[in-house]
Each structure stands twice: as structure tokens, then as C-alpha cells.
Amino acid sequence: MNGLGTNWSSRHPKREAIEREVLDFDVLYIGGGPSNLISLWHLLNQLEEAKKKGKTLPPITIGLIEKGDQIGDHIFSGAVLDPKALEEAMPDYLERGFPTEGCVQREEVWLLTSERQGVQAPIIPPFLHNIGHHIISLSKVCRWLASEIEKRSVEGIDVMILPGFSAMKILWEQDGSGTPRVKGVQTADKGVDREGNPKSNFEPGNFLHAKITIFGEGPRGHLSRELEEVLHLQSTSVNPQVYEMGVKEIWEVPEGNIEEGFVLHSTGWPLPQGEIGGSWVYALGKNKVSIGYVVSLDSHDPFIDGHAVLQLFKTHPKIAPFLHGGKMLQYGGKALAIGGWYSMPQLAFPGGMLVGDAAQMVNAARLKGIHLAMKGGMSAAETIADCLLANDFSFPQLEKYSERFMESWAGVELYTSRNFHGIVQHGLTPSAFTKLNVALLTNGWVPGDPLRVNKDAAQTETTEKYYGKKGVKYSDVQDLIKTEGQQFSKLDNVYASGTQHDEHQPCHLKIVKGNEICVECYEEKGAPCTVFCPAQVYEMHPDALGHVKQVDIAFSNCVHCKTCDIKCPEENVIWTPPEGGGGPKYTLC
Ligand SMILES: Cc1cc2nc3c(=O)[nH]c(=O)nc-3n(C[C@H](O)[C@H](O)[C@H](O)COP(=O)(O)OP(=O)(O)OC[C@H]3O[C@@H](n4cnc5c(N)ncnc54)[C@H](O)[C@@H]3O)c2cc1C
Ligand code: SF4
Ligand code: SF4
């Protein structure tokens with residue numbers, strides 16, 4: 001009963017008929033992010049504990065696959081970590097060599113009012129309090145977590161962490177009542193040419209079967225889309241899943257530019273009026289800086305460009321001195337799920353579970369999701385341990401994960417911030433400020449609760465409506481970015497992300513409704529993908545008369561941020577996983 005959902009990945013008749021190796025797991029994790037890694041660790045805790053209590057367990061095989069070449073390569077975040085969940089799962093994490101870049105000792109919040117001015121907030125809003133939290137590189141933390149798991153040995157439990165494997169599609173079966181049940185995943189074929197033909201180095205993907213599959217793909221997962229299509233997990237959610245997009249650079253700077261443990265958040269300039277987003281500047285030890293900007297993808301502006309916003313932000317007199325005399329080391333971009341409580345899908349379903357950003361477990365007010373993703377993974381692990389001990393993998397048993405998570409402190413935190421995005425969706429207006437204050441006093445309630453938000457793709461306006469003139473192009477409205485000094489072009493930045501894909505493989509970005517839609521979109525909306533993509537993957541090349549025929553896609557530059565899949569106003573792009581191993585190579589992000 002395979003292929004229930006639409007399979008957008010590249011297929012070819014020759015490859016469909018290939019016999020594939022079947023690998024059996026008891027538990028299979030998709031994605032090597034913080035949600036799944038801590039879940040695996042916590043599952044080992046639970047099983048070890050059960051053994052100590054004299055419970056007998058059959059031999060257990062646990063697998064985790066990750067599309068990055070190494071664990072951490074595709075992991076991108078801010079990041080300041082609230083260690084609450086980590087402390088619960090691994091109380092001795094500091095003694096185990098947790099890679100902290102320092103604890104937050106001083107913080108500032110700014111409203112930048114113009115390209116030269118700004119005001120510092122006299123008090124830090126409670127949701128932005130970070131003192132004592134760890135400043136981290138999440139890609140380093142994930143690599144460290146994987147190595148801690150690999151060092152651990154629990155008798156009778158076989159753990160396999162397998163980077164370099166993309167889960168391409170879901171394998172389905174029917175349960176007793178005829179309902180579709182997840183049976184595992186198929187990994188992507190390797191060594192396929194642009195047309196989909198096997199090359200001499202062809203390696204067929206495998207069928208990975210499991211009793212329980214945990215989907216921790218991060219924001220806008222390709223398989224999460226298939227789950228939604230088949231199981232309608234979002235059908236009882238108040239709001240659709242919504243996102244921001246963040247870009248950041250890591251700089252090496254002279255000592256003294258930034259004090260250890262310092263974090264700064266700002267909003268305002270250079271965001272256009274009415275747009276939602278904000279910046280961060282975090283000290284990584286004594287001589288490195290993480291600097292980034294998130295922009296909300298529900299923007300009406302067809303030319304929202306997170307990369308340009310970051311380049312301008314770095315020139316503000318409050319910000320530029322942090323980077324003075326320094327060198328940019330790494331760049332990246334990624335979507336961030338911000339819907340929270342009202343956008344969460346059903347968390348458990350026959351054969352599987354959703355964790356972390358894939359289930360919108362982010363507190364947008366705090367710009368934090370790692371601790372919630374971890375707690376999601378831990379609640380899942382506790383439920384999986386019960387299933388393994390009872391040898392019962394039925395849906396009612398799996399469903400207990402949802403209850404566990406919702407009743408935990410993480411559920412309470414998400415519930416309390418449930419209206420945040422709804423409140424600020426039209427900008428930081430006086431009414432939004434009032435509502436934010438009301439929400440602080442009422443555990444998140446505001447008049448109109450639940451506040452509704454729209455799908456990001458549907459929010460983009462035509463250039464005529466937004467800029468008051470038909471046919472406006474990005475070059476007509478863009479603030480000039482100087483590609484010198486502290487500013488970089490997208491292509492220079494992409495180089496610093498270490499991104500690579502084998503160019504002789506099928507394009508993993510699928511234009512699903514056709515290029516004629518792109519031509520119309522260019523006329524009406526200026527082809528937003530050519531602007532919002534932080535890696536300049538999409539380009540339109542008008543002829544002498546200004547007409548275009550198609551959108552050109554340089555897929556090998558793709559940093560896997562998923563913005564095009566979310567924000568193409570015509571929903572004409574579907575991101576699919578390329579061959580495992582391709583993509584960015586984040587080591588500091
Ligand atoms: C710009 C930005 C700033 C942020 N700042 C902070 C912060 O300061 N503090 C904080 O707490 N949170 C922050 N967050 C949020 C935080 O990073 C996420 O909530 C967290 O990383 C979610 O973890 P996850 O495990 O769900 O997913 P991810 O971290 O996204 O990991 C998912 C993994 O799954 C892999 N994968 C995806 N699909 C497949 C597939 N089909 N096959 C195989 N592997 C696959 C991916 O390659 C990736 O490695 C920020 C996020 C962004 C984008
Ligand atoms: S991919 Fe989407 S945003 Fe880009 S031109 Fe086509 S329709 Fe427009
Ligand atoms: S092509 Fe899409 S997923 Fe890739 S970097 Fe550009 S916007 Fe992000």
C-alpha cells in the first residue's frame with residue numbers, strides 16, 4: 001500500500017521496478033535535529049531504567065537518519081538555549097562537555113527608529129529574559145549529542161545513527177480497520193542523472209520499516225506534507241502552519257568588540273513599516289558573534305528579502321562596531337515555525353509521531369523552539385518506551401504522547417503564548433502593544449481569542465496593490481546593498497554556507513503548476529522567489545522586450561531553508577529532498 005500521498009520526488013520507471021533492501025527497526029527517527037536526538041537519548045534513559053527495575057525487554061533496534069552529510073551539517077538556529085528540557089533528560093550535560101559558547105550575562109533590547117537612531121527598551125519584556133541561558137551553536141550541540149549517544153551502550157539495544165540518508169517518501173500499510181498506517185520510509189536513490197536515469201554509481205534507496213516512525217524534519221518537512229495529505233492532521237487546528245525566515249552570519253571579531261555573555265535583540269529599522277521581524281546579536285565566547293534577522297513570512301510585500309534586511313542592519317551605528325575589523329566565517333538561512341499552540345497538528349497517528357518544528361512547537365515571542373522541540377522528543381520517548389514494554393504499538397497507545405506533551409510545562413508555555421503571532425501580525429501597533437500587555441496578565445487570553453492568522457503564501461499582494469504601480473520590479477524599490485566591507489551579496493554569502501549538491505541529479509525544487517504560472521507571477525508580483533530566496537536559487541531573465549519564459553533554478557545553491565515551499569504566492573514550488581549528503585555544511589550555525 002505504498003505511494004498513498006503524492007510523491008513529488010523524481011521518479012523514473014527504471015527505478016520504480018528496482019528491488020530494494022528492507023531494513024527493520026523497532027523505532028525509526030527521521031531527522032537529526034535536537035528534537036529527535038534528545039528523544040533517542042531519553043528513550044535509552046527510559047529503557048535502561050526499566051531494565052534496572054527488572055523488566056525484561058526483547059532486543060531493540062533504533063535507527064536515526066539525517067539528510068546532511070554529517071549530523072549538524074543542516075542544523076541552523078540563533079541560538080540562546082533555555083536548558084530546561086536538556087537538564088531533565090541529561091542532568092550531567094555540563095560534565096559531559098556540552099559545547100556552550102557562554103552563559104548570557106547581560107542583555108539589551110532596542111527599537112531602531114532609523115538608519116542612524118534607536119532607543120533602548122528601559123525594561124526587558126519578560127518573554128525576552130535570557131540571563132543564565134546558554135549561547136550555543138545548535139549544529140555543534142547536535143553533533144555533540146550524536147556523539148554522546150554513540151558512546152552509550154545499553155545491553156540488548158542496537159542504535160544506528162545514519163547521516164547522509166534522505167527520507168524520500170512514506171511507506172504505508174493498513175491497520176485492522178482499513179485506516180492508513182505509517183510503516184516506515186523509503187530513502188532517496190543516489191547516483192541518478194538529471195533525467196532520473198541510474199548512473200554508473202547508482203545506489204538504490206532502501207525500505208526502512210519500523211513499528212514507530214518519529215518525524216522530526218524541522219519546519220515544513222517534505223514527509224510532513226505527505227502525512228497531512230493522507231491523514232489530515234491539521235484538520236482540527238485553529239490556524240494553518242505559519243513561519244518566519246531567518247538569515248545569519250557568524251563573524252570572528254577582535255577581542256573587545258563584544259563582551260562575553262552579551263545578547264542584543266532589536267526590531268524596527270531596516271524592516272519596512274508594518275512588517276514583523278527582529279534581530280539578534282549574540283557573543284560566542286570572546287571573539288565570535290552570531291548576528292541575524294528573522295522576517296515574518298506572512299508579509300504582504302512581494303519583495304520581502306531577509307538577506308537584504310540583514311545586510312542593512314549590520315550598517316546601523318549601534319550594530320556595526322560589533323563587527324568592526326572582523327571577518328565573516330559562515331552564513332545560512334532557514335524557516336522557523338511560529339504558529340505555536342493554535343497551529344499545531346495532531347501529534348500522533350497510526351504508526352508515528354510528529355515532534356519539534358515539524359509540529360510547530362516554537363514560542364515565537366521568545367524566539368525559542370529548541371527546549372520545546374526537546375521536550376516534544378522526550379514526551380514521545382516516554383510513550384515509545386511504554387509501547388516497547390507493553391509490545392503494543394496501537395494508535396490509542398501512541399496517542400498518549402499528545403496528552404503527555406500538552407500537560408507538560410512545554411504545553412503550558414505554548415498555550416500561554418498562543419495568541420502572540422495573531423497579536424503582532426499587523427505590526428507592532430499601539431493596539432498590538434496593549435494586547436501583548438493584556439496577554440501577559442491573563443495567561444495569553446486577549447479579546448477575540450483565538451486570533452486567526454492566514455497561510456503565508458496567501459498574504460503576498462500584487463506589486464500594483466503593495467507599491468501602487470503595476471510592473472514594479474525589485475530593482476526599483478530595493479535599498480542599495482553595497483557588496484563590500486561588512487555587506488555581502490547573496491552569492492558570496494552562499495559560498496560561506498559551504499553548500500554543495502551534485503549538479504548531475506534531478507532538480508529537487510519542483511515547479512508543480514507549470515512555468516506559465518511563473519510568467520504571470522513575474523508580471524503581477526515580480527516573481528517573489530527571486531527576492532526572498534536567501535541563496536539566489538531562482539532567477540528570471542527577461543528578453544529585450546522585458547518578457548520572461550520561465551524561472552531558472554540553480555538548485556545546487558539551495559541551503560534547504562524551505563522558504564520557497566512556504567512563500568511562493570501561487571504554491572507552485574514543492575521542495576523535495578535531494579540525494580542524501582547534499583546541502584549546506586554548517587559547522588558554527
Ligand atoms: C533563524 C532562527 C533562529 C532561531 N533561534 C533560536 C534560539 O535562539 N533559541 C531557540 O531555542 N530556538 C531558536 N530557533 C528555533 C530552533 O532552531 C528550532 O525550534 C529547533 O531547531 C527545532 O528542532 P527540530 O529537531 O524540530 O528541527 P531541526 O533543528 O530543523 O532539525 C531537523 C533535521 O531533520 C533533517 N531532515 C529534514 N528532512 C529530512 C528528511 N526527509 N530525511 C532526513 N533528514 C531530514 C534536517 O536536515 C535537520 O537536520 C531558531 C530558528 C531559526 C530558524
Ligand atoms: S516559483 Fe512561485 S514565486 Fe517564483 S515565479 Fe513561480 S509562481 Fe512566482
Ligand atoms: S531554493 Fe527554496 S529552500 Fe532553497 S534556499 Fe532558496 S528559498 Fe530556501
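Quick note: numbers below take in every heavy atom, side chains included, and nothing from hydrogens, waters or symmetry partners. Just follow the structure's listing: the first ligand is 1, and inside any ligand the first atom is 1.
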What residue and heavy atom of the protein are closest to atom 3 (S) of ligand 3, and at what distance?
Lys562 N, 3.1 Å
side-chain contact (heavy atoms from CB on, under 4.5 Å) test vs Gln346 passes for just one of Leu227, Leu354, Leu233, namely Leu233
Under a 4.0 Å N-O cut-off, is there an ion pair linking Lys375 with Glu88?
yes
Answer yes or no as to whether an N/O/S atom of His560 is found below 2.8 Å from atom 4 (Fe) of ligand 3.
no
Hey, is atom 6 (Fe) of ligand 3 within less than 2.8 Å of some N/O/S atom on Cys533?
yes
So which protein heavy atom does atom 1 (S) of ligand 3 come closest to, and at what separation?
Tyr538 CE1, 3.5 Å
Any N or O of Leu81 closer than 3.5 Å to N or O of ligand 1
no
Lys473 to Phe303, cation-pi by 6.0 Å centre distance and 45° axis angle
no
Is the Lys NZ or Arg CZ of Lys190 less than 6.0 Å from the centre of Phe165's six-membered ring, within 45° of the axis?
yes
Could you pull out the N/O/S protein atoms under 2.8 Å of atom 8 (Fe) of ligand 2, ignoring any water?
Cys521 SG
Of the protein's non-hydrogen atoms, which lies at the shortest distance from atom 27 (O) of ligand 1, and what is that distance?
Gly218 CA, 3.3 Å
Identify, for atom 22 (C) of ligand 1, the protein heavy atom at the shortest distance, and state residue, atom and that distance.
Asp357 OD1, 3.2 Å
Give the residue and atom name of whichever protein heavy atom lies nearest to atom 8 (Fe) of ligand 3, and the separation in Å to one decimal.
Cys561 SG, 2.3 Å
Just to check, does Phe555 reach to within less than 4.0 Å of ligand 3 when the distance is taken from its heavy atoms?
no
Would you check if Leu223 and Thr213 make a side-chain contact, meaning some heavy-atom pair closer than 4.5 Å?
no
Logged contact type for Trp280 with ligand 1, heavy-atom cut-off 4.0 Å, is side chain
Check whether any N or O atom of His371, backbone or side chain, sits under 3.5 Å from an N or O atom of ligand 1, and answer yes or no.
no
Who's the nearest protein heavy-atom neighbour of atom 7 (C) of ligand 1, and how far?
Leu367 O, 3.2 Å
Report the part of Val537 in contact with ligand 3, treating N, CA, C, O as backbone and CB onward as side chain, heavy atoms under 4.0 Å; options are side chain, backbone, both, neither.
side chain
Show me which atoms of ligand 2 lie under 4.0 Å from any heavy atom of Met540.
5 (S)
At under 4.0 Å between heavy atoms, is it the side chain or the backbone of Leu138 that contacts ligand 1, or both, or neither?
side chain
At less than 4.0 angstrom from any non-hydrogen atom of Val573, what atoms of ligand 2 do you find?
1 (S)
